[in-house]
K.L.:
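Dumping the structure here so I can ask a few things about it.
Since the model is a prediction, treat every value here as computed from it, not as a measurement. Per chain, numbering begins at 1; letters A, B, ... match sequence-line order. Computed over heavy atoms, backbone and side chain alike; hydrogens, waters and symmetry mates excluded.
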Number of protein chains: 2
Amino acid sequence: MRIFSKNAESVDFCPVRDVFGRIGDKWAVLVMLTLGQTGSPLRYHQLQEAIGDISQKMLTATLKNLLEDGLISRQMYPEVPPRVDYSLTTAGQSLLPHLYNLAQWANEHMRPAKQNGAIK
Amino acid sequence: MRIFSKNAESVDFCPVRDVFGRIGDKWAVLVMLTLGQTGSPLRYHQLQEAIGDISQKMLTATLKNLLEDGLISRQMYPEVPPRVDYSLTTAGQSLLPHLYNLAQWANEHMRPAKQNGAIK
DNA sequence: CGGGATCCAACATGATACTG
DNA sequence: CAGTATCATGTTGGATCCCG
C-alpha cells in the first residue's frame, strides 16, 4: 500500500499528505482544538486571545487554510463594527476525535522518554 | 482541559506538542510508515531509497529526532563496512495505527475540492 | 473589528564535499 | 556504508502599518 507517496513521476494527488500537513501545522491544530473545546463559534479576536501566542498573520493564514480544507466555516455578519465568527464544519468535528486520540497517545507514551540529555 | 498550552509562564512540558510536532514532520511520518510497511529493520540507505526524495541531511536529522523521541531504535553492527539499521520501538509501533487512522480519515473526508498546496 | 500588505529575521532544507 | 560539515536558498513567522 502506497500511503504517502511522492515521486517525480507519480505525485499522485494525496489527501493524506494534506492532512498530515495540516495536523503538523501547530496553529491549525490549536485553532481546531480551541473551537472544539468551546463548542460554539468564536470570533477572530476570541480565537487570538484563547490561543494566546498566535500572531495576526498566522491566525489569518491558518483560518484561510482551514477554510479551504473545509474544516471550519466562516460566518460574517454585515454589522458595524463588522463581526465574524468561525466554527467547525462537520468534517472538522469528525477530525477532532483523532486529534484527541493522538493527544491521549502522547500522554501515555511520551512521558517517560525524552531523557537522553535533550530535554529542552 | 488544557491540551496544547503554551504561555510565557506555563510552558509546561507538553508531550502532546511533541507528538503533533513529529507528526507534522513530513519526513518523520514517512520514515515511520516505511518502517511499518516493511515490518523489518531497514538500513540507512534502504530508508533513503524507499522514501525516494529525502536528502541525506534530512534523513539523518529525522532519524535522530525519532530516536530521541523513542519512536525508533538504532542497531549498529561493528563490521567493516559499517552496518546500521533502524526499526520501530514498541512506542513507535503503537503510534502507527493512529497514523493509519488519520490517513483513512483523510481519504474519506478530503476528497472533494482542495487543489492548491494551501500550507505554503 | 477583522483583516490585507509589507519588510525582515529566523529557520528549514537541499546540494555538495568530506570523513571514520 | 553511514553519516558530518558547510554553504546557499527557500520558506515561515513576527512586527508593523494600513484600510473598509
K.L.:
Taking only the side-chain nitrogens and oxygens of A:Tyr44, find out if one of them lies under 4.0 Å from OP1 or OP2 of C:dG4.
P.N.:
no
K.L.:
B:Gln48 and B:Ser55: which non-hydrogen atoms are nearest, and at how many Å?
P.N.:
NE2-C, 4.0 Å
K.L.:
Give the intermediate values and the outcome of side chain to side chain contact (heavy atoms under 4.5 Å, CB included) for residues B:Ser73 and B:Tyr86.
P.N.:
CA-CA 6 Å; B:Ser73 64; B:Tyr86 297 88; over 6 Å; no
K.L.:
Linking I/L/V/M/F/W/Y whenever any side-chain heavy atoms sit under 4.5 Å apart, do A:Leu63 and A:Met76 land together?
P.N.:
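A:Leu63 and A:Met76: one cluster.
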K.L.:
Between the opening five pairs and the closing five pairs of the helix from C:dC1-D:dG20 to C:dG20-D:dC1, how far apart are the helix axes, to 10°?
P.N.:
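Between the axes fitted at each end of the helix from C:dC1-D:dG20 to C:dG20-D:dC1 lies an angle of 50°.
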K.L.:
Nearest whole angstrom, please: distance from the C1' of C:dG2 to the CG of A:Leu42.
P.N.:
15 Å
K.L.:
How many whole angstroms separate atom CZ of A:Arg74 from atom P of C:dG2?
P.N.:
10 Å
K.L.:
Calculate, to the nearest 0.5 Å, the distance between atoms CG and CD1 belonging to B:Leu102 and B:Ile23 respectively.
P.N.:
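Between atom CG of B:Leu102 and atom CD1 of B:Ile23 there are 6.5 Å.
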K.L.:
Which is it for B:Arg43 and B:Val84 under the side chain to side chain contact (heavy atoms under 4.5 Å, CB included) test, yes or no, and what are the steps along the way?
P.N.:
CA-CA 6 Å; B:Arg43 305 177 58 165; B:Val84 175; over 6 Å; no
K.L.:
Given 3.5 Å as the limit, does a donor-acceptor pair link the side chain of B:Asp69 with the main chain of B:Leu71, or not?
P.N.:
no
K.L.:
Could you give the CZ-to-P distance, from B:Arg83 to D:dA2, as a whole number of Å?
P.N.:
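Rounding to the nearest Å, CZ of B:Arg83 and P of D:dA2 are 9 Å apart.
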K.L.:
Does B:Tyr86 reach a base, just sugar-phosphate, or nothing at all? Heavy atoms under 4.0 Å.
P.N.:
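If one applies the 4.0 Å heavy-atom cut-off, B:Tyr86 turns out to touch the sugar-phosphate alone, with no base involved.
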K.L.:
For a quick check under 3.5 Å, do B:Tyr44 and B:Asp85 share a side-chain donor-acceptor pair by atom type?
P.N.:
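Side-chain D/A pair, B:Tyr44 to B:Asp85: absent.
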K.L.:
Using whole Å, what does the distance between atom P of nucleotide C:dG2 and atom CG of A:Leu59 come to?
P.N.:
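My rounded result for the distance is 10 Å.
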K.L.:
Hydrophobic clusters here meaning ILVMFWY residues chained together by side-chain heavy-atom distances under 4.5 Å, can you tell me if B:Leu47 and B:Tyr77 are in one?
P.N.:
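B:Leu47 does not cluster with B:Tyr77.
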K.L.:
Send over the distance from A:Leu63 CG to C:dG2 C1', rounded to a whole Å.
P.N.:
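Rounded to whole Å, this separation is 10 Å.
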K.L.:
Choosing from C:dC1, C:dG3, D:dC1, which nucleotide comes nearest the side chain of A:Val84?
P.N.:
C:dG3
K.L.:
Rounded to whole angstrom units, what separation is found between the NZ atom of A:Lys64 and the P atom of C:dG2?
P.N.:
18 Å
K.L.:
Take B:Thr62 and B:Leu30 through the side chain to side chain contact (heavy atoms under 4.5 Å, CB included) test and state the conclusion after the steps.
P.N.:
CA-CA 10 Å; B:Thr62 301; B:Leu30 250 316; over 6 Å; no
K.L.:
May I have the distance from B:Ile51 (atom CD1) to D:dA2 (atom P), rounded to whole angstrom?
P.N.:
14 Å
K.L.:
Would you please confirm or rule out a distance under 4.0 Å between OP1 or OP2 of C:dC1 and any side-chain N or O of A:Arg43?
P.N.:
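A:Arg43 to C:dC1 OP1/OP2: no side-chain N or O under 4.0 Å.
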K.L.:
When every nucleotide of nucleotides 9-20 of chain C is labelled 5' to 3' by its protein contacts under 4.0 Å (heavy atoms), B for base, S for sugar-phosphate only, - for none, what sequence of letters results?
P.N.:
----BBB-B--B
